[in-house]
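Working notes, beginning with the structure itself.
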There are 2 protein chains.
Amino acid sequence: MNEILPNISIDNAIFGFANGELKILLIKRDKQPELDRWSLPGGYVYYNENMDDASRRLLHELTGISNLFLSRVDVFGDTDRYPDRRVISVLYCALVKPEQFELLAGAHAKKVKWFEVKGIKKLPFDHNNMIDTALSWLRDEIWRKPVLINLLPEKFPLNQMHDLFQAFLHETIDNRNFRKKVISQELVERLNEKTTGGKQRPAYLYRLKRK
Amino acid sequence: MNEILPNISIDNAIFGFANGELKILLIKRDKQPELDRWSLPGGYVYYNENMDDASRRLLHELTGISNLFLSRVDVFGDTDRYPDRRVISVLYCALVKPEQFELLAGAHAKKVKWFEVKGIKKLPFDHNNMIDTALSWLRDEIWRKPVLINLLPEKFPLNQMHDLFQAFLHETIDNRNFRKKVISQELVERLNEKTTGGKQRPAYLYRLKRK
DNA sequence: CTACTTTGCGTACAAAGTACGTAAATAAAA
DNA sequence: TTTTATTTACGTACTTTGTACGCAAAGTAG
């Protein structure tokens, strides 16, 4: 049977990142409760569906985005977090390039739009809390896990990664020390290829190591 | 209404620790599925019950243990993790002194017993996976969070904490360096009291800082 | 008082992290 | 072709953190 589990939901905190601007992807709800309000793209899990799959499916259905590397962050289960009935929600998150995706409001979403994280007001349910939790999770894990995987191409020069770290953590990191660190921590591995068509000296390409 | 949510469960991984021996608390199930098999003490969440409360209640109902500091570790949600129907489970864990508690098999538990972690065979469901996850979570967090809170009295001398770290991580840690580390990392704070009745020089008492 | 034990501070060395100099490799300008 | 500008990539010195270990202080037992 492929019914929906009424007490288990998924929420996705998808952060869009470009030009040092951090955005969050919200949808305009097409049903009660909180009809017409902007909120995190989420929904219910099917009876026969694994959590990771549900997260991916919901994101695609609501926003048109697919093929992301999503990470599970935490569970939110307070009795009063959802007004209509008891629902516990598992939070997933990802960091992407907003310009890379064409947003398509699907079923149960009237609109989809990127919002600046800074300017976010009170969202429905515990979604503000979720955004905070996801963000601090990301900042914690950026040196340990391939959190930037959706922001980088398959192969990239280290400077591209360096720029991303600096922008996301909004701090300057010494280029030479940055290289030493990501290499010694085995976050990346060097390929036998170099950039071509660059303006100056070609750079070695690297690849994120998934651990 | 105080019904049970049929698709959300809690499991508790309670580790007992004494004399360098690591044990895990299991109950003998009194119902299907997996009737009569030893498994983690867990069960279903009430409609009006927060997750943390449910964890505490279930532990008390099944084993008689109460008043523990339990930490949420992760969610387990594979579609096939429970045979009868779809159930996702939130895992909590704690580290306690086994001799401190009198075990009382309550409702839905035929027996309660400590088992050596080393000798654990295949358990029902994904409980082996849960134990592994909880253990590595504990070893990760021991330097950051007051994971030993249930093993230590309210006030304790640093050497007691030192012994616990050594035993739990099974490695020797230099006493003098250990002190420096836990103090500089603000895991503990010194009180204006000293041990009395000790065999040698009195030691300052410390308290774990919850963060 | 002496011998012994535990506490707790201090110091020297090692490893990891940070600041920064500079040569190598290329494109563009002269 | 030579020079200049730019980016890559390696190396070195310093600073902070972590580890090994010495030893005096404060108590108990005899």
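Throughout, a chain's letter reflects where its sequence line sits, starting with A, and its residues are numbered from 1. We use all heavy atoms of the structure for the numbers below, so side chains are in, but hydrogens, waters and symmetry mates are not.
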Looking only at side-chain N and O atoms, does [Y] offer a donor or acceptor that is under 3.5 Å from a partner on [X]?
X	Y	result
Asp11(A)	Ser89(A)	yes
Asp52(A)	Tyr92(A)	yes
Ser55(A)	Asn12(A)	yes

A cation-pi test, strictly: NZ or CZ of Arg207(B) under 6.0 Å from the centre of the six-membered ring of Phe156(B) and no more than 45 degrees from its axis. Yes or no?
no
Should the pair Lys113(A) and Phe115(A) be classed as cation-pi, given the thresholds of under 6.0 Å to the six-membered ring centre and 45° from the axis?
yes
Take the protein atom [atom1] of [X] and the nucleotide atom [atom2] of [N], then report the distance between them rounded to whole Å.
X	N	atom1	atom2	value
Ile173(A)	dT18(C)	CD1	P	9 Å
Gln200(A)	dT6(D)	CD	C1'	4 Å
Asp174(B)	dC9(C)	CG	C1'	13 Å
Glu171(A)	dT18(C)	CD	C1'	13 Å
Arg201(B)	dA26(D)	CZ	P	6 Å

Lys97(A) atom NZ, over 12 foreign heavy atoms within 6.0 Å:
yes
By the ring-ring contact (aromatic ring centres under 6.0 Å, His included) test, which pairs, at least two apart or in different chains, include something from residues 182-211 of chain B?
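Every candidate ring-ring contact (aromatic ring centres under 6.0 Å, His included) pair involving residues 182-211 of chain B fails, so no pair, neighbours aside, qualifies.
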Just to be sure I understand the geometry, which residues of residues 137-147 of chain B put a non-hydrogen atom under 4.0 Å away from DNA chain C?
none
Close approaches to DNA chain D from residues 175-190 of chain B, in residue order (heavy atom, under 4.0 Å):
Arg176(B), Asn177(B), Lys180(B)
Pairwise side-chain contact, Arg57(A) with Tyr46(A), heavy-atom cut-off 4.5 Å (strictly under)
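Result yes, sub-4.5 Å side-chain heavy-atom pair found.
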The answer to which of Pro157(A) and Pro202(B) contacts DNA chain D further toward the 5' end, by nearest nucleotide, is Pro157(A)
